[in-house]
Amino acid sequence: MGKTLFDKVWDSHVVDRIKDGPDILYIDKHLIHEVTSPQAFSELKNRNIPVFRPNQIVATADHNVPTLNQHLPIQDALSRKQVAQLNENCVEHGIELYGLGHPYQGIVHVIGPELGITQPGMTMVCGDSHTSTHGAFGSIAFGIGTSQVAQVFASQCLLVDKPKSMRITVNGQLSPGVHPKDVVLYIIAQLGTDAGTGHFVEFAGSVFEQMSMEGRMTVCNMSIEMGARGGMIAPDETTYSYVKGKEFAPTGVKLDQKIAYWKTLPSDNDAQFDQEYRFEASNIRPMVTYGTNPGMGIGIGETIPNESGASFEKSLSYMGFKKGDSLENLPINYVFIGSCTNSRIEDFRAASEYIKGKQKAPNVHALIVPGSQQVAKQIEEEGLKDVFEAAGFEIRQAGCSACLAMNEDKIPAGEYCVSTSNRNFEGRQGPGARTILASPITAAAAAVEGKIVDCTQI
Amino acid sequence: MEKFEKLNTQAVPLNIENVDTDQIIPARFLKATDRNGFGDNLFRDWRYDSNNQPIEEFVLNNPDFSGKILVAGNNFGCGSSREHAAWALTDYGFKVVISSFFADIFKGNALNNGLLPIQVSPEVLANIFEVLEENPKASFVVDLKAQKLLVENIELEIDFEINNYKKTCLLNGYDDIDYLVSQKEKIGQFENLKNA
Ligand code: SF4
């Protein structure tokens with residue numbers, strides 16, 4: 001029987017299989033940030049264990065950093081301490097750090113790919129669930145808890161049970177104005193937030209084959225929101241040409257050898273998956289969420305379904321919606337274009353294309369937060385900054401920002417925010433904040449119109 | 001990690017589905033650099049209003065309920081990988097969470113911190129919620145060695161599943177790091193082969 005992409009990468013990283021227990025899985029790259037690493041470093045210290053392979057770790061500060069005046073000391077004392085602690089730990093253990101002020105700093109899932117750290121066929125982990133993003137390259141990438149961060153520090157390995165495999169195929173042609181974000185919101189709305197539990201998902205079919213790397217990252221980023229351990233897309237020419245020339249990517253003969261290996265990775269024709277789903281591209285419309293989990297999504301213009309249950313009711317009352325409502329023309333006050341889901345250059349290009357020559361609505365606060373210093377630089381060089389500023393958008397510095405309301409970027413209670421991030425949980429963007437997840441184009445259109453509109457209809 | 005001993009305790013019902021890690025411990029409380037003290041902010045935004053006053057209706061503020069078991073609705077612990085969620089629960093004093101379904105990463109994090117997730121069928125879960133509604137002081141026994149959960153008032157005995165390796169770890173109070181560090185030689189050999 002043939003092997004899946006997932007099998008091939010997993011099996012080549014198994015150091016040993018424990019009888020009646022998990023596999024010892026070797027980890028090629030370990031990304032760390034300030035929030036989930038300090039306790040892991042202290043764990044090591046308490047046990048007097050050194051970091052085993054510091055050269056395979058890359059650190060950045062993203063979750064807890066301000067997005068204004070990054071050259072000044074961080075004002076919040078606890079945040080400042082956490083970021084300072086990361087610096088100290090990295091120096092002490094000889095770990096490469098792209099901290100605040102470094103030209104490579106940014107959201108950990110944006111900088112990995114853009115620096116060429118992320119490559120096909122690798123195993124990668126980070127103490128952050130959206131590590132699944134890196135699966136867009138055909139690598140096995142997944143989020144881990146802090147105890148596991150300590151395990152990887154100590155041994156460059158993890159004890160894990162091999163997940164099951166799932167394939168989601170989307171064939172056909174997407175309608176103009178339908179973004180990769182809409183594709184993944186559609187899939188989660190169809191399958192629910194726990195459909196992927198215990199599985200690694202491979203996204204296959206013509207829609208993903210034709211998608212840019214940025215789009216593939218958006219899709220794999222949100223695979224965790226359907227409960228999966230991670231998502232993957234088979235590497236192809238699009239992948240190779242993205243990786244090629246990046247700072248830490250292989251070059252010359254090395255690259256040729258790698259590409260020859262990467263070509264062997266796609267799932268064999270006779271590979272079997274534990275679970276399969278198929279969707280048709282033409283059914284996918286621009287999506288928005290109306291509830292407090294990412295599976296509560298509908299096409300703009302569709303109405304909120306008539307479901308029952310205490311959780312459903314609670315969710316609607318938090319959001320201030322009723323069954324049967326449509327979100328089309330709903331007035332909104334905040335727009336956030338950023339987060340590891342949609343803060344890459346392609347996302348800002350798409351948004352600026354829509355915004356060019358227009359003005360944001362007077363009642364809307366529109367925030368543009370690039371995923372990394374490099375993206376920020378590109379925004380400036382490509383002239384997108386001028387477009388955003390002329391339209392009245394506020395451009396911030398790189399970080400997680402209003403995606404999780406851990407720093408000072410928060411949405412006030414009761415306000416609607418059209419957000420390109422990945423989670424619409426209660427209070428995620430600030431206590432009482434109401435998040436509506438959408439694509440960068442839908443967010444841009446909402447900022448300009450002051451309400452939710454279907455940009456494919458304009 | 002502490003050894004997991006046989007428990008004889010009461011339970012706190014949280015009859016809500018899809019409780020995500022942002023509810024268990026909101027992100028704004030993740031700035032600490034050690035593991036302690038997260039229990040104070042467990043379910044913070046359900047437990048306290050914006051003036052930091054306890055919200056009476058929330059179950060943790062209800063003096064009728066106490067004990068080392070949290071009984072929660074389906075799909076508990078979804079959302080982020082933050083282990084702070086498990087720390088908040090253990091720091092508060094919970095040793096066991098019962099639900100009809102747990103999110104993957106949460107389950108792993110719980111086990112790594114000596115917090116036992118017990119998965120039961122939706123029917124059994126509904127049953128337990130009913131028992132607690134009628135009798136908040138209902139008593140429970142958790143016997144990890146025998147993999148049994150006992151609801152004494154209704155003499156309900158449930159066998160639960162747990163990975164054998166994890167069970168041994170919990171019972172003996174040792175964890176994955178100890179094991180992995182003992183395997184370094186093998187890991188080094190693997191690296192040599194891989195880079196050859
Ligand atoms: S942008 Fe949001 S989802 Fe992504 S890593 Fe940061 S906090 Fe997590």
- request: Among the options B:Ile105, B:Val181, B:Asn113, B:Ile187, pick out the one with the most heavy-atom pairs lying under 4.5 Å from chain A.
  value: B:Ile187

- prompt: Looking at CG of B:Asn41 and NE2 of B:His84, how far apart are the two atoms once the value is rounded to the nearest 0.5 Å?
  reply: 12.0 Å

Pair up each side-chain donor or acceptor in residues 1-16 of chain B with any protein partner under 3.5 Å, not counting sequence neighbours, and list the distances.
| unit_1 | atom_1 | unit_2 | atom_2 | d |
| --- | --- | --- | --- | --- |
| B:Thr9 | OG1 | B:Lys68 | N | 2.9 |
| B:Gln10 | OE1 | B:Ser66 | OG | 3.2 |

- line: So, the part of A:Asp161 with a heavy atom under 4.5 Å from chain B: the answer is side chain

Which portion of B:Lys194 sits near chain A, non-hydrogen atoms under 4.5 angstrom: side chain

field: Leading residue by heavy atom contact count with chain A [cutoff under 4.5 Å; candidates B:Asn74, B:Asn164, B:Asp175]
entry: B:Asp175

task: Quick one: which of A:Arg428, A:His130, A:Lys410 has the most heavy-atom pairs under 4.5 Å with chain B, could you say?
output: A:Arg428

- request: Mind checking the CG-CD spacing from B:Leu149 to B:Gln147? Nearest 0.5 Å is all I need.
  value: 12.0 Å

Heavy-atom pair count under 4.5 Å with chain B, highest-scoring of A:Ser42, A:Cys157, A:Ser12: A:Cys157

- prompt: Between B:Phe101 and chain A, which part of the residue has a heavy atom less than 4.5 Å away: side chain, backbone, both or neither?
  reply: side chain

message: Nearest 0.5 Å, please: how far is NE2 in A:His199 from CZ in A:Arg229?
response: 13.0 Å

query: So which part of A:Ala310 gets closer than 4.5 Å to some heavy atom of chain B, the side chain, the backbone, both or neither?
result: neither

message: Taking every non-hydrogen pair under 4.5 Å, which of A:Gly21, A:Gly227, A:Gly198 racks up the most with chain B?
response: A:Gly198

statement: Under 4.5 Å to a heavy atom of chain B? For A:Glu34 that would be neither

- request: Nearest 0.5 Å please: distance from the CD atom of A:Gln56 over to the CD atom of B:Glu191.
  value: 6.0 Å

field: Residue among A:Gly127, A:Ala405, A:Gly427, A:Pro22 with most heavy-atom pairs under 4.5 Å to chain B
entry: A:Pro22

message: Under a 4.5 Å cutoff for heavy-atom pairs, which residue among B:Gln189, B:Lys184, B:Glu17, B:Arg28 has the most contacts with chain A?
response: B:Lys184

message: Please classify the contact between A:His63 and chain B as side chain, backbone, both or neither, with a heavy-atom cut-off of under 4.5 Å.
response: neither

task: Give, as side chain, backbone, both or neither, the part of A:Asp28 having an atom under 4.5 angstrom from any heavy atom of chain B.
output: side chain

- line: Tightest non-hydrogen contact, residues B:Arg47 and B:Leu42, listed as NH1-O, 2.8 Å

query: Side chain, backbone, both or neither: which part of A:Phe52 has a non-hydrogen atom closer than 4.5 Å to chain B?
result: side chain

- prompt: Can you tell me how far the CZ atom of B:Phe106 sits from the CG atom of B:Leu115, to the nearest 0.5 Å?
  reply: 5.5 Å

- request: To the nearest 0.5 angstrom, please state how far the CD1 atom of B:Ile118 sits from the CD1 atom of B:Ile158.
  value: 8.5 Å

- prompt: So what's closer than 4.5 Å to chain B heavy atoms on A:Lys314: side chain, backbone, both or neither?
  reply: side chain

- line: One option among B:Thr168, B:Asn109, B:Thr33 has the most heavy-atom pairs under 4.5 Å with chain A, and it is B:Thr33

task: Find the one option among B:Gly108, B:Ala103, B:Gly79 whose heavy-atom pairs under 4.5 Å with chain A are most numerous.
output: B:Gly79

- prompt: So, A:Asp11 and A:Arg17, do they make that salt bridge, N to O below 4.0 Å?
  reply: yes

- prompt: Does B:Tyr48 have B:Arg44 sitting over its ring (NZ/CZ under 6.0 Å from centre, angle to axis within 45°)?
  reply: yes

- prompt: Which region of A:Ser315, side chain (C-beta onward) or backbone (N, CA, C, O), has a non-hydrogen atom less than 4.5 Å from a non-hydrogen atom of chain B, or is it both or neither?
  reply: neither

message: Check the orientation of A:Tyr26 and B:Phe190. Use parallel for under 30°, tilted for 30 to 60°, and perpendicular for over 60°.
response: tilted

task: Counting only heavy atoms closer than 4.5 Å, note whether A:Ser311 contacts chain B via side chain, backbone, both or neither.
output: side chain

- line: Under 4.5 Å to a heavy atom of chain A? For B:Asp34 that would be backbone

query: What are the two closest non-hydrogen atoms of B:Tyr179 and B:Tyr165, and how far apart are they?
result: CB-OH, 3.8 Å

task: Using non-hydrogen atoms and a 4.5 Å limit, figure out which bit of A:Ile18 sits close to chain B: side chain, backbone, both or neither.
output: side chain

Which side-chain N or O atoms in residues 141-152 of chain A pair as donor and acceptor under 3.5 Å with protein atoms at least two apart or in another chain?
| unit_1 | atom_1 | unit_2 | atom_2 | d |
| --- | --- | --- | --- | --- |
| A:Thr146 | OG1 | A:Thr36 | O | 3.1 |
| A:Ser147 | OG | B:Glu83 | OE2 | 2.3 |
| A:Gln148 | OE1 | A:Gly145 | N | 3.0 |
| A:Gln151 | NE2 | B:Asp176 | OD2 | 3.4 |

statement: Greatest number of non-hydrogen atom pairs under 4.5 angstrom with chain B, of A:Gln85, A:Arg423, A:Glu225, falls to A:Arg423

message: Using heavy-atom distances under 4.5 Å, tell me whether A:Gln429 contacts chain B through its side chain, its backbone, both, or neither.
response: neither

query: Do A:Asp76 side-chain atoms and A:Asn407 backbone N/O form a donor-acceptor pair below 3.5 Å?
result: no

field: Carboxylate-amine/guanidinium contact B:Arg35 B:Asp91, below 4.0 Å
entry: no

- line: Highest number of heavy-atom pairs under 4.5 Å with chain B among A:Val14, A:Asn422, A:Leu44, A:Val160 belongs to A:Val14

